[in-house]
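Each chain gets a letter, A, B and so on, in the order the sequences are listed, and its residues count up from 1. Note that the structure is a prediction, hence the values are computed from the model and not measured.
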Number of protein chains: 2
Amino acid sequence: MAEKNFLVDHLISEIKSGTFQSDKKLPSEHILADQFNVPRMVVRKAYEQLQDLGFIYSKQGKGSYVQESKKQIPLILSGDISFTEKMNELQFSFQTITIFCEEIPYDQKIFQSLEVESDDKVFKIGRLRLIDDFPIALHTSFVAKSTFPEIESDGPEITSMFQYYRQRGYVEFGSNNSTLNVIFPTLFDRDILQCSSLIPLLQVESLCRDKRSNQVLEHTVIIYRSDCFTYVI
Amino acid sequence: MAEKNFLVDHLISEIKSGTFQSDKKLPSEHILADQFNVPRMVVRKAYEQLQDLGFIYSKQGKGSYVQESKKQIPLILSGDISFTEKMNELQFSFQTITIFCEEIPYDQKIFQSLEVESDDKVFKIGRLRLIDDFPIALHTSFVAKSTFPEIESDGPEITSMFQYYRQRGYVEFGSNNSTLNVIFPTLFDRDILQCSSLIPLLQVESLCRDKRSNQVLEHTVIIYRSDCFTYVI
DNA sequence: GTACATTCACTTGGCAACAAGATACATTGT
DNA sequence: ACAATGTATCTTGTTGCCAAGTGAATGTAC
């Protein structure tokens, strides 16, 4: 195990320093095993982990190649402006697709943070953020029907929640006590974000309030692919 | 590969929901392989990944057991108070050990951000943060000798940098444009933080200035174990 | 010469058999 | 009766062999 970890370390640093950048082909498992005087299985495990980490990909019969790494996008996390506005400030071509809008069963935590009764209806609206057609974040908004009665039918059409709120008379937004966690993608997340299993995700959970009335507008959970961003706070 | 990922997903959710909590022993590779109708190697790979992720540990001849998970400590990231002060606010028993204080060779990025000449001397001071004797973060401060002439001899004795700065007449501190990245531990990091290879680390990089003179006091790089904290920003 | 088929060398993927550690239990010697 | 030892059978760890994909070199018929 220690040998595998050493190899993984070594290969990552070589990949980052660009040793393989010329042809992008890594040495075959057999050759690397001979070079480091370890059984091929050790090299194999190292290569498999590098695949899970998104650094390389392997093709049976051909070999292993370094995966083109994503460019790092600076992202401002402290948020009283919307994601749409954040991205407009930068020069990236980005896009939002609403992928679901459905009522959720009663959930104590969500309902409490939205400050609504248990007989209220709460919808979760999932919007996928894409940059150059690559999914990089999933933005899930939990919204109560009592606050926005038309949310069920409006939901699928919304691209910017903040814009939607403004159209309904809420002008200034505030979010505090955002909590941040590092998680690994579930099968669903991997499918949606098209990432391998060991790409850590940054999960930001926050509450959006109207600054004037202090009313809770939405409970938000955003998961960002950590390999696409450098965050600024 | 898909089968392995499915198993990993399934087992993580079972571990989190506490299915194995009674005896903490997981089914043997052979039994699980039969249950899911997959070759043992698939179960093996899944178990190996769960080990790297820190969820379980395996002992030859005995079996595989769920690893006791760390308690999540809420940590306020926005920082004009020191780590020491942050921890004092909470009720945790924490400790700081200075593990290195040494001059670094010239590094353009560091020297530029410290706003010092290339013939200056810059020291990096590494302080390990422990909670209940478990290392949870490594705090590395880059300090220029031109700013703090006695830093080389003082360094090893410092537990709170902010306190050190105050003793030298700097009262108010500010840090902005902190950048945040998710990285995996190097061998050195793993050794220092006593974590397995797939524990993501949260790396926060920032610049500390004296608010009055706007002078740069230190360049700071902190790496936190992501499995110990819930961050609040 | 050219088009096609075959072989061969090299790659990664997968698996079955074996090795080694742990434990419970039966066996044996005193 | 009791302790030491062997043994059977679990467990995880390791290894070596072969399957399968790829592509270039080689052979072959026309």
Residues touching DNA chain D, which here means a heavy atom under 4.0 Å, drawn from residues 2-13 of chain B: none
End axis versus end axis in the helix from C/dG1-D/dC30 to C/dT30-D/dA1, the angle rounded to 10°, five pairs used at each terminus: 50°
Sequence neighbours excluded, every pair satisfying ring-ring contact (aromatic ring centres under 6.0 Å, His included) that has a member inside residues 29-61 of chain A: A/His10-A/Phe36, A/Tyr57-A/Tyr65
Of all the heavy-atom pairs spanning B/Phe20 and B/Pro27, show the shortest one and how long it is. CE2-CD, 3.8 Å
Of all the heavy-atom pairs spanning B/Leu7 and B/Ala46, show the shortest one and how long it is. CB-CB, 4.0 Å
Quick one: pull up OG1 in B/Thr179 and CG in A/Leu75 and give me the separation to the nearest 0.5 Å. 12.5 Å
Please report the C-alpha distance between B/Val221 and B/Phe142 in whole Å, then the side-chain angles of each, then the deciding distance to 0.1 Å, and finally whether the side chain to side chain contact (heavy atoms under 4.5 Å, CB included) criterion is met. CA-CA 8 Å; B/Val221 179; B/Phe142 294 90; 4.1 Å; yes
Across all chains, not counting sequence neighbours, the side chain to side chain donor-acceptor pair (under 3.5 Å) partners of A/Ser226 are none
Grab the OH-C1' distance between A/Tyr57 and C/dG13 for me, whole Å please. 18 Å
A correct 5'-to-3' footprint of nucleotides 4-18 of chain D, with B, S and - meaning base, sugar-phosphate only and no protein heavy atom under 4.0 Å, is -------BBBBB-B-
Side chains of residues 193-206 of chain A: which donor-acceptor pairs under 3.5 Å do they make with residues two or more places apart or in other chains?
{"residue": "A/Ser196", "atom": "OG", "partner": "A/Asp52", "partner atom": "O", "Å": "2.9"}
{"residue": "A/Glu205", "atom": "OE2", "partner": "A/Lys109", "partner atom": "NZ", "Å": "2.7"}
{"residue": "A/Glu205", "atom": "OE2", "partner": "A/His219", "partner atom": "NE2", "Å": "3.1"}

Between A/Asp9 and A/Phe6 (side chain of the first, backbone of the second, donor and acceptor by atom type, cut-off under 3.5 Å), is there such a pair? no
Is it true that the side chains of A/Thr96 and A/Arg129 contain a donor and an acceptor less than 3.5 Å apart? yes
Would the number of heavy atoms belonging to other residues, nucleotides or ligands and lying under 6.0 Å from CZ of A/Phe184 be above 12? yes
